[in-house]
2 protein chains.
Amino acid sequence: MSSPRKVSDSTVRRLSSYLRILRDIQSDGTHTVSSERLAELGGLTSAQVRKDLSFFGNFGVRGRGYDVGDLRTALTGILGLDRTWKTVVVGAGRLGSALISYPEFPNQGFAIVGVFDVDPSKLGRRIGDCEIRPVQELRDYAERESISVGIIATPRVAAQEAADHLVAGGIRAILNFAPMALDVPPGVTVRHVNLAIELEGLSFAITESSNVPTTIETGDAD
Amino acid sequence: MSSPRKVSDSTVRRLSSYLRILRDIQSDGTHTVSSERLAELGGLTSAQVRKDLSFFGNFGVRGRGYDVGDLRTALTGILGLDRTWKTVVVGAGRLGSALISYPEFPNQGFAIVGVFDVDPSKLGRRIGDCEIRPVQELRDYAERESISVGIIATPRVAAQEAADHLVAGGIRAILNFAPMALDVPPGVTVRHVNLAIELEGLSFAITESSNVPTTIETGDAD
DNA sequence: ACTTGTGAACTGTTTCACAGCA
DNA sequence: TGCTGTGAAACAGTTCACAAGT
C-alpha cells in the first residue's frame with residue numbers, strides 16, 4: 001500500500017521531528033507552514049525537508065506551503081502512530097519501572113499491557129497498571145494477547161533470552177536497552193538504545209576537544 | 001596531541017563496540033584478534049574495522065592481527081575512558097533515579113556525584129550515594145566541583161533551563177533524555193537520547209512491513 | 001511572486017582490492 | 001602465507017538550483 005522504496009533511518013528520525021514541530025505550531029494556531037520555516041524550527045535545510053516529505057507524496061501546495069493539520073495527519077499515518085501498539089516490558093528493575101511510567105510511551109500509542117521479570121520475589125507486585133509476571137509466561141502471553149512490541153530492560157545476560165521469548169511469541173519490534181547486540185530473525189526490527197555508547201561518545205568528544213585546543217568544532221546538538 | 005582530523009559519529013560508535021568486544025574476548029583468554037573476527041563479532045565488514053582503526057594509528061601487525069590487550073588500551077585512551085568524569089544528574093524523577101543506579105555509568109568512568117531537582121519535597125532525600133539538592137545550587141556546585149558532564153532527566157519544560165545552569169557552571173558535555181532539542185553554545189557537546197523517536201522508528205518499521213507483504217528487508221539489529 | 005518537487009552536483013561513508021610487510 | 005593499511009571505486013545521503021504550479 002505504501003511506497004516500496006527503501007527509506008533511510010535518518011529520514012524516519014526527521015519525520016518524527018517534523019511531526020513534533022507540527023504539533024507545537026498547530027497548538028499556536030498556525031495553519032500553514034513552509035519548508036523553510038519547518039527547516040528553521042528543526043535545525044535543517046529547506047531542501048532536506050522537501051526531499052524527506054516528497055519521498056512519501058506531494059503534501060505541499062506550490063507558492064503556499066504545507067497545511068499543518070494535513071501534514072500532521074499524513075505523517076502520523078506514515079509513522080503508524082494512528083493506532084495503538086500493544087507493548088510488553090521485560091525486566092522490572094529500576095530502568096524497566098521508569099520506562100513503564102514514562103508518559104512518552106502512551107503518547108505515541110504504545111500501550112504497555114504487561115511486565116515480566118525472572119525474580120520470583122517481584123511477581124504479583126504492580127507497576128502502574130501492570131502486575132509483574134514470570135518470564136516463563138512471556139511467550140504465551142505475547143502470542144495470546146497479540147503483542148506487537150517488546151521492550152527489553154533486563155541485565156545484559158538475560159537480554160538474548162528475553163528476545164527469544166518475544167520473537168517466539170510473535171512480536172514484531174524490540175526496543176533494547178541492554179548493552180548488547182541481539183540476534184533476531186529477519187522481519188523483526190530492533191532499535192538499540194545503548195547508554196554506554198552515548199556516554200563513550202561524550203567522553204570522546206570531551207577528550208578530543210581537550211587535546212586539540214585551537215579547534216572547537218563540536219557542539220552538535222541533536 | 002591526538003589526530004586533528006574529523007571523526008564521524010558512526011566511527012566513534014563503532015569504536016565503543018570494538019572495545020566492548022575486546023573486553024569480552026580478553027576475558028575468554030584470547031590474546032590476538034583479526035579484523036575479520038572483530039567484524040564478525042560486531043556484525044560489520046573487516047574493511048570497516050581496519051578503516052576505523054587506521055584513523056587513529058597502526059595498531060595491527062600484518063600477517064598476525066591485533067593484540068587484544070594493546071588495542072583495548074589504545075581504544076580506552078582514544079575514547080577518554082582511562083579517567084573519571086565527574087557527572088551530575090538533573091531531575092530526580094523515575095528516569096533520573098534509574099539512571100543514578102545504572103551500573104554502566106561508573107563502569108565507563110562516569111561518577112555521579114550530585115543530583116538536582118526543583119521539587120522541594122524531594123530535597124535532602126538520598127538516591128544511591130547522593131543527596132538531592134535544589135537546582136538553584138546547580139550552577140555553583142558544577143563550577144566548584146569541576147563537573148564535566150550533566151545528565152538531563154527532567155520533563156521537557158525544565159530541560160533548557162537545566163542545560164543553561166549546566167553550561168553556566170562550566171560543564172563540557174550533556175546527555176539529554178528530555179524530548180526536545182537543547183540550545184547550547186559551541187564547545188559543549190550534546191547527545192540526545194529520544195525515546196519517542198526510537199518508538200516512532202519502530203512504529204514506522206512495523207507499519208511499513210505490514211503494508212509491503214512481499215518484501216521484508218528490515219531486521220537490522222544495532 | 002512565492003514555494004514546492006526534483007534531477008544533477010556534491011559530499012561523506014562504506015566496500016573493494018591489492019601492495020606491503022611479518 | 002596471512003593479514004594489515006590504504007588508495008580507488010561504489011554507494012548513500014545532502015545540498016543546489018531551477019522548472020513547474022498556483
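Below, chain A is the first sequence line, B the second, and so on; all start at residue 1.
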At under 4.0 Å between heavy atoms, which parts of nucleotides 17-22 of chain C does protein reach? Answer with one letter per nucleotide, 5' to 3': B base, S sugar-phosphate only, - none. B-BBBS

Taken to the nearest whole Å, CZ/B:Phe59 to C1'/D:dC3 is 17 Å

Is there a side-chain polar atom (N or O) of B:Ser35 under 4.0 Å from OP1 or OP2 of D:dC3? no

For atom CG of B:Asp67 and atom P of D:dC3, their distance in whole Å: 16 Å

A:Asp52 CG to D:dT15 P, in whole Å, measures 10 Å

Do B:His31 and B:Val68 touch side chain to side chain, with heavy atoms closer than 4.5 Å? no

Test of understanding: with salt bridge (charged side-chain N to carboxylate O under 4.0 Å, His left out), list the residues that count as partners of A:Glu104, not counting sequence neighbours. none

B:Tyr102: which residues meet the ring pair (Phe, Tyr, Trp, His ring centres under 6.0 Å) condition with it, sequence neighbours left out? B:Phe105

Without decimals, in angstroms, what is the distance between A:Asp70 CG and C:dT4 C1'? 15 Å

Below 4.0 Å: OP1/OP2 of D:dC3 and any side-chain N or O of B:Ser34: no

Take atom CZ of A:Phe56 and atom C1' of C:dG5, then tell me their distance rounded to the nearest Å. 15 Å

Do the side chains of B:Val7 and B:Phe56 get nearer than 4.5 Å, heavy atoms only? yes

Between B:Leu15 and B:Leu53, is the side-chain contact (heavy atoms from CB on, under 4.5 Å) condition met? List the steps. CA-CA 8 Å; B:Leu15 294 184; B:Leu53 297 177; 4.3 Å; yes

Round to a whole Å and report the spacing from CZ of B:Arg37 to P of D:dG2. 18 Å

Which heavy atom in B:Ser203 sits nearest to a heavy atom in A:Trp85, and how many Å separate them? OG-NE1, 2.9 Å

Within residues 162-173 of chain A or reaching into it, pairs that qualify as side-chain hydrogen bond (donor to acceptor under 3.5 Å, both in side chains) - sequence neighbours excluded: A:Gln160-A:Asp164, A:Glu161-A:His165, A:Arg172-B:Ser209, A:Arg172-B:Ser210

Whether B:Tyr66 contacts D:dG2 is assessed here as follows: a side-chain N or O lying under 4.0 Å from the phosphate OP1 or OP2. Is that the case? no

Among A:Thr189, A:Ile151, A:Thr87, whose side-chain contact (heavy atoms from CB on, under 4.5 Å) with B:Leu202 holds? A:Thr189

Looking at A:Glu198 and B:Arg13, does any basic side-chain N land under 4.0 Å from a carboxylate oxygen? yes

Given atom CG of A:Leu38 and atom C1' of C:dT3, what is their separation to the nearest angstrom? 13 Å

To the nearest Å, how far apart are B:Glu36 CD and C:dC16 P? 11 Å

Bend angle of the helix from C:dA1-D:dT22 to C:dA22-D:dT1, end axes from five pairs each (to 10°): 0°

Salt bridge check: are A:Arg20 and A:Asp24 linked by an N-O gap of less than 4.0 Å? no

Among B:Ile152, B:Val188, B:Val184, B:Leu182, which residue satisfies the side-chain contact (heavy atoms from CB on, under 4.5 Å) criterion with B:Leu166? B:Ile152

Pick out the pairs of N or O atoms, protein on one side and nucleotides 8-13 of chain C on the other, that lie under 3.5 Å.
from  : atom 1 : to      : atom 2 : distance (Å)
C:dA8 : N6     : A:Lys51 : NZ     : 3.4

